[in-house]
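Notes follow once the structure below has been shown.
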Protein chains: 2
Amino acid sequence: MVGKDYTSIQKQFGDNLQKIRHNKGLSLRALAANCEIDDSKISKIENGKFNIKLSTIIELAKGLEVKPADLLDF
Amino acid sequence: MVGKDYTSIQKQFGDNLQKIRHNKGLSLRALAANCEIDDSKISKIENGKFNIKLSTIIELAKGLEVKPADLLDF
DNA sequence: AAATCTGCGGTCACATAAGACCGCTATTTA
DNA sequence: TAAATAGCGGTCTTATGTGACCGCAGATTT
């Protein structure tokens with residue numbers, strides 16, 4: 001373990017992402033189709049397994065049709 | 001060039017970051033001291049040279065005393 | 001029962017952010 | 001005029017996110 005642990009933030013982000021996706025009534029594969037991100041990866045993100053990059057946040061927001069800032073509103 | 005190009009989004013993020021930093025009257029080194037991120041790296045981020053991770057967005061927000069979402073509000 | 005959908009876990013090569021440095025050029029100030 | 005201060009560019013190693021896959025269990029639909 002070299003750096004700090006960010007799994008808590010990753011989980012918060014993931015929970016928020018999943019909540020928004022459910023609100024939009026989208027399945028993992030449906031969202032995946034909208035944003036060119038593999039569905040298994042979105043699953044991992046929702047479960048707090050990744051410290052994703054800015055570009056991925058942008059893509060997810062696009063696929064969900066929300067503002068990028070909304071994904072960080074938690 | 002393997003993936004998409006996100007420099008435009010990186011630049012927008014960087015501009016926004018710099019604007020907020022200036023609003024707070026902080027120098028690169030002052031902000032760096034607040035968030036444990038090297039000042040030269042913050043400079044590069046502000047100039048759109050990095051596709052930073054979620055954890056870095058969180059750290060910058062902490063150092064600037066703003067909400068993470070504010071950094072994506074552009 | 002069979003087909004489909006949904007969420008999720010794992011693999012592997014590759015690209016790149018992170019982290020910790022150094023040092024230069026201006027500009028400001030003591 | 002010397003010394004901080006501010007912005008920025010470059011280097012090197014290491015850690016890890018990305019992208020593209022595969023396959024499975026459980027629920028739902030036909």
Side-chain angles (χ1 to χ4, degrees), chain A residues 1-66 68 71-72 74, chain B residues 1-66 68 71-72 74:
Chain A
M1 180 85 60
V2 172
K4 284 210 201 81
D5 181 36
Y6 291 102
T7 52
S8 157
I9 282 117
Q10 291 171 24
K11 280 189 205 304
Q12 290 177 63
F13 179 91
D15 286 347
N16 193 39
L17 168 60
Q18 190 169 66
K19 191 186 320 175
I20 295 175
R21 179 172 65 81
H22 285 155
N23 283 157
K24 299 274 178 173
L26 295 169
S27 71
L28 284 177
R29 285 181 174 76
L31 174 55
N34 290 349
C35 62
E36 305 179 48
I37 295 175
D38 190 273
D39 63 284
S40 80
K41 182 174 176 181
I42 299 176
S43 168
K44 289 161 196 158
I45 295 169
E46 289 186 352
N47 286 293
K49 308 224 172 89
F50 281 117
N51 187 4
I52 60 173
K53 297 185 185 179
L54 174 60
S55 56
T56 305
I57 297 176
I58 301 296
E59 291 295 333
L60 288 169
K62 207 179 302 179
L64 288 165
E65 298 182 301
V66 299
L71 287 172
L72 289 196
F74 54 84
Chain B
M1 178 85 63
V2 172
K4 283 212 202 79
D5 180 38
Y6 291 102
T7 52
S8 158
I9 282 116
Q10 291 171 26
K11 280 187 206 305
Q12 291 177 63
F13 180 91
D15 287 346
N16 193 40
L17 168 61
Q18 189 170 66
K19 191 187 319 176
I20 295 174
R21 179 172 63 82
H22 284 155
N23 284 156
K24 299 275 178 175
L26 295 170
S27 71
L28 285 176
R29 285 182 175 78
L31 173 56
N34 289 350
C35 60
E36 305 178 51
I37 295 176
D38 189 273
D39 64 283
S40 80
K41 182 173 178 182
I42 299 176
S43 168
K44 289 161 198 158
I45 294 169
E46 288 187 351
N47 286 293
K49 308 223 172 89
F50 280 118
N51 187 4
I52 59 173
K53 297 184 186 179
L54 175 60
S55 56
T56 305
I57 298 176
I58 302 296
E59 290 295 333
L60 288 170
K62 209 179 300 180
L64 287 165
E65 299 181 301
V66 298
L71 286 173
L72 288 195
F74 54 83

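Every chain is numbered from 1, with letters handed out A, B, ... down the list of sequences.
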* Hey, mind stepping through Tyr6(B) and Gln12(B) against side-chain hydrogen bond (donor to acceptor under 3.5 Å, both in side chains) and telling me if it holds? -> CA-CA 10 Å; Tyr6(B) 291 102; Gln12(B) 291 177 63; over 6 Å; no
What donor-acceptor contacts under 3.5 angstrom involve side-chain atoms of residues 27-37 of chain A, with partners at least two apart or in another chain?
residue: Ser27(A); atom: OG; partner: Arg29(A); partner atom: N; Å: 3.4
residue: Ser27(A); atom: OG; partner: Ala30(A); partner atom: N; Å: 3.0
residue: Asn34(A); atom: ND2; partner: Gly63(A); partner atom: O; Å: 3.4

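- The side chain to side chain donor-acceptor pair (under 3.5 Å) test with Glu46(B) singles out one residue from Arg21(B), Gln10(B), Lys41(B), and that residue is Arg21(B).
- Rounded to an integer number of Å, the gap from CG of Asn51(A) to P of dG17(D) is 5 Å.
- Counting to the nearest Å, the C1' atom of dA17(C) and the CD1 atom of Ile58(B) are 16 Å from each other.
- When rounded to the nearest whole Å, the span between CD1 of Ile52(B) and P of dG17(D) equals 14 Å.
- Taking all atoms of both residues into account, the shortest heavy-atom contact from Leu71(A) to Ile57(A) is CD1-O, 3.5 Å.
- Within 6.0 Å of NZ in Lys62(B) there are more than 12 heavy atoms belonging to other residues, nucleotides or ligands.
- With sequence neighbours excluded, no residue forms a salt bridge (charged side-chain N to carboxylate O under 4.0 Å, His left out) with Lys11(B).
- Residue Lys11(B) contributes atom NZ, which lies 12 Å from atom P of dC8(D) at whole-angstrom precision.
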* To do: Report, as a single string ordered 5' to 3', how protein heavy atoms within less than 4.0 Å touch nucleotides 3-13 of chain C: B base, S sugar-phosphate only, - not at all.
  => ---BBBBBB--
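- Not one side-chain nitrogen or oxygen of Thr56(B) sits closer than 4.0 Å to the OP1 or OP2 atom of dA17(C).
- The CD1 atom of Ile45(A) sits 10 Å away from the C1' atom of dT18(D) (whole-angstrom rounding).
- In this structure, the CD atom of Glu59(A) is 8 Å from the P atom of dG19(D), given to the nearest Å.
- Nucleotide dG19(C) holds its C1' atom 11 Å from the OH atom of Tyr6(A), rounded to whole Å.
- Nucleotide dT5(D) holds its P atom 17 Å from the CG atom of Leu31(B), rounded to whole Å.
- Counting any heavy atom pair closer than 4.0 Å across all strands shown, Phe50(B) reaches sugar-phosphate atoms only and no base atom.
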